[in-house]
Amino acid sequence: MSSPSPDVLVTGSSGHLGTALILSLPSYGYTPLGLDITESPTTSIIGSITSREVIRATLENNPSIRFILHAATLHKPHVESHSKEAFVQTNVLGTLVLLEEAVACGHIESFVFTSTTSTFGRALTPQAGETQAVWIDESVIPTPKNIYGVTKVSAESLCELVQLQNKDLSVIVLRTSRFFPEADDVEERRMEWPDDDNLKVNELTYRRADISDMVSAHVCAIEARSKMKWGGYIISAPPPFTPDIETRGRLHTDAGSILKEAIPNFESVYHKKGWSFPKSLDRVYDSSKAVRELGWNPVYTFERALEKLENGEEWKSDLWIRVGKKGYHAESTGVYTIR
């Protein structure tokens, strides 16, 4: 019996998210095909997204492909090791090539672009004189602070332009928060929370999601294609906070007290583990629009993590553990890139 023909092209299939997508999509009823410049068990085609010939041949040779999940990118860890030109080539030109070839081949129904909350850049922290945590939802205008953010915003604009010119193609942009398992790149944070699980569970309240929920968001984006031809969404675990000014002010000065009011048992669980929660949060990501409009149902929330910790169980998803650390370079150049 022959294998089913692929219906989803996954770019960046050797990376964290790409690997997770390749491993998980069959359980959702899809047959993925992975493309990456790096060999891996989850990559079938070795090639660059910047090569029009590679992308065209991939789509021509696989006419069963109806969906593209574009996760390939140069990331923040590459800022110190790659040129700005390399970022433009990969993140902007690569996205344009994929979009144009998707339109040209005539059999792509849905294009999902994996972007990042890093696009918000300078908007992620309170400005001078402000005394509240910043509430980040889709109404916030991105103000990138590095080449990574600049190129992702540019690629998002290309997505919107191509969709405007091709009304039948569904194009969804997902601005994903943190989901990588590597240690934090800020030394002060690593020092304050030497138990990395403590730091990452903290982040589930305001700036992280489990990779399993990231996968389900991408599936929701595909399945919204008939009703949603264009949209952009923040993807992060739902925060246990409200966006009113009083709450945001207290999050900036005494975040633990707000969390205790929202989830009273958090202190006892943390106390037993010798953990701590930040006194101040600078931002909170609000993913409620994705829940409402895409039907996204994140499972791996802060509340669930607390329950698992209280019962002495693993709080991460099986997929998080299975994908593991990937590293972003052929050779390690810092905490993000340790394999």
Side-chain angles (χ1 to χ4, degrees), residues 3 6-26 30-62 65 67-99 101-102 111-116 118 146-149 151-152 155 174 176 178-183 185 211-212 214-215 218 319-339:
S3 300
D7 53 5
V8 184
L9 175 64
V10 177
T11 70
S13 54
S14 297
H16 289 109
L17 180 58
T19 296
L21 288 165
I22 295 290
L23 294 175
S24 302
L25 283 170
Y30 296 97
T31 304
L33 178 70
L35 181 148
D36 203 297
I37 59 173
T38 302
E39 292 185 6
S40 80
T42 50
T43 294
S44 300
I45 298 174
I46 303 299
S48 173
I49 58 172
T50 63
S51 170
R52 196 170 291 274
E53 292 75 17
V54 167
I55 300 305
R56 183 173 298 163
T58 298
L59 295 176
E60 286 180 351
N61 294 336
N62 297 278
I65 292 176
F67 317 115
I68 295 177
L69 299 180
H70 177 28
T73 190
L74 284 182
H75 292 270
K76 180 184 175 185
H78 295 118
V79 170
E80 300 300 323
S81 59
H82 289 62
S83 67
K84 291 181 175 65
E85 182 177 352
F87 269 86
V88 171
Q89 285 287 319
T90 299
N91 294 357
V92 182
L93 178 60
T95 301
L96 179 62
V97 167
L98 282 161
L99 285 163
E101 293 304 318
F111 187 100
V112 181
F113 176 56
T114 308
S115 191
T116 171
S118 289
N146 56 34
I147 190 62
Y148 175 46
T151 54
K152 296 300 271 190
L174 301 180
T176 59
R178 291 182 165 191
F179 57 84
F180 55 82
E182 284 78 11
D185 60 331
I211 198 166
S212 182
M214 291 295 181
V215 167
H218 283 71
L319 185 62
W320 175 320
I321 295 168
R322 187 178 178 188
V323 171
K325 295 180 179 180
K326 289 288 183 179
Y328 289 89
H329 302 261
E331 297 180 4
S332 295
T333 59
V335 293
Y336 264 166
T337 63
I338 295 174
R339 295 179 182 272

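Because the structure is a prediction, the values reported are computed rather than measured. Because only heavy atoms are used, hydrogens play no part in the values below, and waters and symmetry mates are left out as well, while side chains stay in.
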TODO: Might you work through the side-chain hydrogen bond (donor to acceptor under 3.5 Å, both in side chains) test for H16 and E182, ending with a clear yes or no?
DONE: CA-CA 11 Å; H16 289 109; E182 284 78 11; 3.1 Å; yes
- I would like to know whether T151 and L74 meet side-chain contact (heavy atoms from CB on, under 4.5 Å); could you show each step before the answer? CA-CA 9 Å; T151 54; L74 284 182; over 6 Å; no
Q: Show the numbers, then the answer: is there a side-chain contact (heavy atoms from CB on, under 4.5 Å) between L9 and N62?
A: CA-CA 9 Å; L9 175 64; N62 297 278; over 6 Å; no
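The distance from the CG atom of L93 to the OG atom of S51 is 10.0 Å, given to the nearest 0.5 Å. Atom CG of L59 is separated from atom CD1 of I68 by 5.0 Å, given to the nearest 0.5 angstrom. Rounding to the nearest 0.5 angstrom, the gap separating the CG atom in N91 from the OG1 atom in T116 is 10.5 Å. Rounded to the nearest 0.5 Å, atoms OG (S83) and CD (Q89) are 8.5 Å apart. One distance of note links CG of D36 with CD1 of I22; it measures 10.0 Å at 0.5 Å rounding. From Y148, atom OH reaches atom NE2 of H82 across 13.5 Å, with rounding to the nearest 0.5 Å.
Using modelled atom types, one side-chain atom of T19 and one backbone atom of S13 make a donor-acceptor pair closer than 3.5 Å. Between the side chain of K152 and the backbone N or O of T114 there is at least one donor-acceptor pair closer than 3.5 Å. Within the 3.5 Å criterion, the main-chain N or O of S115 finds a donor-acceptor partner in the side chain of T176. In this structure a side-chain-to-backbone donor-acceptor pair under 3.5 Å is missing from T90 to F87.
Applying the 6.0 Å contact sphere to CD1 of I37 captures no more than 12 heavy atoms from other residues, nucleotides or ligands.
Between T43 and T38, every side-chain heavy-atom pair lies at or beyond the 4.5 Å cut-off. Residues T50 and V97 have side chains not in contact (no heavy-atom distance under 4.5 Å, counting atoms from C-beta outward). Residues L35 and I55 form a side-chain contact, since some pair of their non-hydrogen atoms from C-beta on lies under 4.5 Å apart. Side-chain contact between L33 and T58 is present, with heavy atoms from C-beta onward closer than 4.5 Å. Put simply, the side chain of T42 does not reach to within 4.5 Å of the side chain of V10, judged on heavy atoms.
The minimum heavy-atom distance linking A20 with L319 is given by the pair CB-CD2, 3.8 Å. The two residues F111 and L98 come nearest to each other via the heavy atoms CE1-CB, 3.8 Å. Closest approach of V54 and G47 over heavy atoms only: CG1-CA, 4.1 Å.
In terms of the ring-ring contact (aromatic ring centres under 6.0 Å, His included) criterion, residue partners of F113 (sequence neighbours excluded) are, by chain and number, H70. Remark: F67 engages Y30 in a ring-ring contact (aromatic ring centres under 6.0 Å, His included) (not counting sequence neighbours). Looking at residues two or more places apart in sequence or on another chain, you find a salt bridge (Lys or Arg N to Asp or Glu O under 4.0 Å) between R56 and E101.
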